[in-house]
Trainee: 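Structure incoming, see below.
All heavy atoms count here, side chains included; hydrogens, waters and symmetry mates do not.
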Amino acid sequence: MRLVFAGTPAVAVPSLRALASGPHEIAAVVTRSDAPLGRKRVLTPSPVAQAAAELGIPIIKADRLDADVTERITALNAQLGVIVAYGGLVREPLLSTPAHGWINLHFSLLPRWRGAAPVQRALMAGDTATGASVFQLVAALDAGDVFAEERYDIPAGATSADLLDSLAEIGAPLLARVVDGIADGSAVAVPQQGDPTLAPKLTLEDGALDLTRDAESLLHQIAGVTPEPGAHTTLEGARFKVLRATPAEAPPLPPGRVVASGKDVLVGTGTTPLRLETVQPSGKGAMPAGDWFRGLRSSEPVLGA
């Protein structure tokens, strides 16, 4: 079967490679335009563009699937469109252009966490399990019938980056099996069951820590916003990032109060303290919390003040 694949970040690369190694022809890869990266802002192809170039697959770079891109994709005469984290919407008439339409690999068990940030929102909500779903793309947000899904128990301490990497590897063979099933006519999609929850794109505010909240919910928040947009609070009016924190069995502290306890650096919350592992003060690089604390002039810093 002749395919067109749309994707952009690294989490879409395992799916592209899985399809490229199978029996189907990928007529082209659609990915977002080169983006400036690093301190020197060097224009860099997306991870999917780099993988497609290695595989010798034609590339269409576009930030929007507009009329021109629709015309270029239509000319490919693809029978199925496959999308994995492309970063743009597929609308009509492109949605109906391939004979079998478009399918989407989504990193949640639909209808839970429809939207742009399903992994991040699952972690922030304290979910203990998530998964990957392959569904028929429709005009409504992530609402199409589901061909296949696979559940995944969330490991303790996993960040959104960790979880996305795992789901990308789990989802790639799942997606390939669905494509095979559509090609031979055996694939069957069923309507989503249950009440949907939404997973809108994260903003900087989603990373703002309110240290009067309970320790467990703060850990969930930190996991979900790491590495982007990042968990942060303030110290003496300047932004202070918390890159890694873990639970601590210690007596309560006032919310935001930071103390040393043996080799540990603890911060108070609305319940039990958290152990700060890695932090990034304003204007400095990431560092172990112990190194940061030993370099302080104040013996009783307060975060969030």
Trainee: With rounding to the nearest 0.5 angstrom, report the CG to CG distance, L141 to L198.
Mentor: 7.0 Å

Trainee: Any chance you could lay out the side-chain contact (heavy atoms from CB on, under 4.5 Å) test for V179 and M1, step after step, and finish with the verdict?
Mentor: CA-CA 9 Å; V179 173; M1 185 162 59; 3.8 Å; yes

Trainee: Heavy atoms, side chains only, cut-off 4.5 Å: are L219 and L274 in contact?
Mentor: yes

Trainee: Can you tell me how far apart NE2 (H100) and CD1 (I182) are? Round to the nearest 0.5 Å.
Mentor: 7.0 Å

Trainee: Minimum heavy-atom separation for V138 and L95, please, with both atom names.
Mentor: C-CD2, 3.8 Å

Trainee: With the side chain counted from C-beta on, respond yes when F107 and T130 share a heavy-atom pair under 4.5 Å apart, and no when they do not.
Mentor: no

Trainee: Is there a path of hydrophobic side-chain contacts, each under 4.5 Å between heavy atoms of I, L, V, M, F, W or Y residues, that connects L303 with F293?
Mentor: yes

Trainee: Distance-only criterion, 3.5 Å: show the donor-acceptor pairs between side-chain atoms of residues 249-266 and protein atoms not counting sequence neighbours.
Mentor:
| unit_1 | atom_1 | unit_2 | atom_2 | d |
| --- | --- | --- | --- | --- |
| D264 | OD1 | R275 | NE | 3.4 |
| D264 | OD2 | R275 | NE | 3.2 |

Trainee: Specify the closest pair of heavy atoms between L174 and A148, including all atoms of both residues, with the distance to one decimal.
Mentor: CD1-CB, 3.8 Å

Trainee: Testing the basics here: between A125 and W113, what is the closest heavy-atom pair and its distance to 0.1 Å?
Mentor: CB-CZ2, 3.6 Å

Trainee: Can you list, pair by pair, the side-chain donor-acceptor contacts under 3.5 Å of residues 79-88, counting residues two or more places apart and other chains?
Mentor:
| unit_1 | atom_1 | unit_2 | atom_2 | d |
| --- | --- | --- | --- | --- |
| Q79 | OE1 | R2 | N | 2.8 |
| Y86 | OH | A62 | O | 2.4 |

Trainee: Quick one: closest heavy-atom pair of G207 and P229, and the distance?
Mentor: N-CG, 4.3 Å

Trainee: Can a donor-acceptor pair be found, under 3.5 Å and without considering hydrogens, that links the side chain of T31 to the backbone of G7?
Mentor: yes

Trainee: Taking atom CG as the centre, does D195 end up with more than 12 heavy-atom neighbours from other residues, nucleotides or ligands that are less than 6.0 angstrom away?
Mentor: no

Trainee: Any side-chain to backbone donor/acceptor pair from Q221 onto A208? Under 3.5 Å, distance only.
Mentor: yes

Trainee: Check this for me, if you would: do R121 and D206 make a salt bridge, where the nitrogen-to-carboxylate-oxygen distance has to be below 4.0 angstrom?
Mentor: yes

Trainee: Quick check: are there more than 12 heavy atoms from other residues, nucleotides or ligands sitting under 6.0 Å from CD of E150?
Mentor: yes

Trainee: Are L137 and L105 connected, step by step, through hydrophobic side chains (Ile, Leu, Val, Met, Phe, Trp, Tyr) whose heavy atoms are closer than 4.5 Å?
Mentor: no

Trainee: Donor-acceptor check, side chain of D162 to backbone of T159, threshold 3.5 angstrom: yes or no?
Mentor: yes

Trainee: Could you go through R239 and T233, starting from their C-alpha distance and side-chain angles, then the distance that decides it, and tell me whether this counts as side-chain contact (heavy atoms from CB on, under 4.5 Å)?
Mentor: CA-CA 6 Å; R239 178 160 294 176; T233 179; over 6 Å; no

Trainee: Where is the tightest heavy-atom contact between I59 and R72, given as atom of each residue plus distance?
Mentor: O-NH2, 4.5 Å

Trainee: Quick one: does H220's side chain get under 4.5 Å of E216's, heavy atoms only?
Mentor: yes

Trainee: Tell me, with the steps shown, if Q120 and S160 meet side-chain contact (heavy atoms from CB on, under 4.5 Å).
Mentor: CA-CA 5 Å; Q120 295 89 335; S160 62; 3.8 Å; yes

Trainee: Main chain of G237, side chain of T234: is a donor-acceptor contact present, judged purely on distance under 3.5 Å?
Mentor: no

Trainee: Heavy atoms, side chains only, cut-off 4.5 Å: are W102 and F135 in contact?
Mentor: no

Trainee: Looking at H24 and A183, would you say the former's side chain and the latter's main chain have a donor-acceptor pair under 3.5 Å?
Mentor: no

Trainee: To check you understand the geometry: which heavy-atom pair defines the closest contact between A168 and P14, and what is its length?
Mentor: O-CB, 3.7 Å

Trainee: Under 4.5 Å between side-chain heavy atoms, hopping through other hydrophobics if needed: is there a path connecting V11 to V30?
Mentor: no

Trainee: Working to the nearest 0.5 angstrom, can you tell me the gap between L209 CG and T269 OG1?
Mentor: 11.0 Å

Trainee: Considering only heavy atoms from C-beta outward, does the side chain of E92 approach that of S96 to under 4.5 Å?
Mentor: yes

Trainee: Hey, what do you get for NZ (K61) to OG1 (T8), rounding to the nearest 0.5 Å?
Mentor: 11.0 Å

Trainee: I want to check something: taking the side chain as every heavy atom from C-beta on, are P301 and L235 in contact at a cut-off of under 4.5 Å?
Mentor: yes

Trainee: Below 4.0 angstrom, N of the basic side chain to O of the carboxylate: do R17 and E54 qualify?
Mentor: yes

Trainee: Honestly curious: do V225 and V267 fall in one hydrophobic cluster under the side-chain, below-4.5 Å linking rule?
Mentor: no

Trainee: side-chain contact (heavy atoms from CB on, under 4.5 Å) between E149 and V134: does it pass, once the steps are laid out?
Mentor: CA-CA 6 Å; E149 64 180 21; V134 180; over 6 Å; no

Trainee: For atom NZ of K241, is the number of surrounding heavy atoms from other residues, nucleotides or ligands below 6.0 Å larger than 12?
Mentor: no

Trainee: Return yes if some donor-acceptor pair links the side-chain N/O of Q280 with the main-chain N/O of L243 below 3.5 Å, else return no.
Mentor: no

Trainee: Is there a donor-acceptor pair under 3.5 Å between the side chain of R114 and the backbone N or O of D142?
Mentor: yes

Trainee: For D63 and S33, indicate whether the former's side chain and the latter's backbone hold a donor-acceptor pair under 3.5 Å.
Mentor: yes

Trainee: Cluster question for you: counting only ILVMFWY and a side-chain heavy-atom cut-off of under 4.5 Å, with indirect links fine, are L94 and L76 together?
Mentor: yes

Trainee: Does M287 reach the side chain of V279, with side-chain heavy atoms less than 4.5 Å apart?
Mentor: yes

Trainee: Atom OG of S166 and atom OH of Y152: how far apart are they, to the nearest 0.5 Å?
Mentor: 3.5 Å

Trainee: Using side-chain heavy atoms (C-beta onward) and a distance below 4.5 Å, is D153 in contact with T128?
Mentor: no

Trainee: Taking T226 for its side chain and A223 for its backbone only, find out whether a donor-acceptor pair lies under 3.5 Å.
Mentor: no

Trainee: Could you measure the distance from the OG1 atom of T246 to the CD1 atom of I222? Nearest 0.5 Å is fine.
Mentor: 9.5 Å

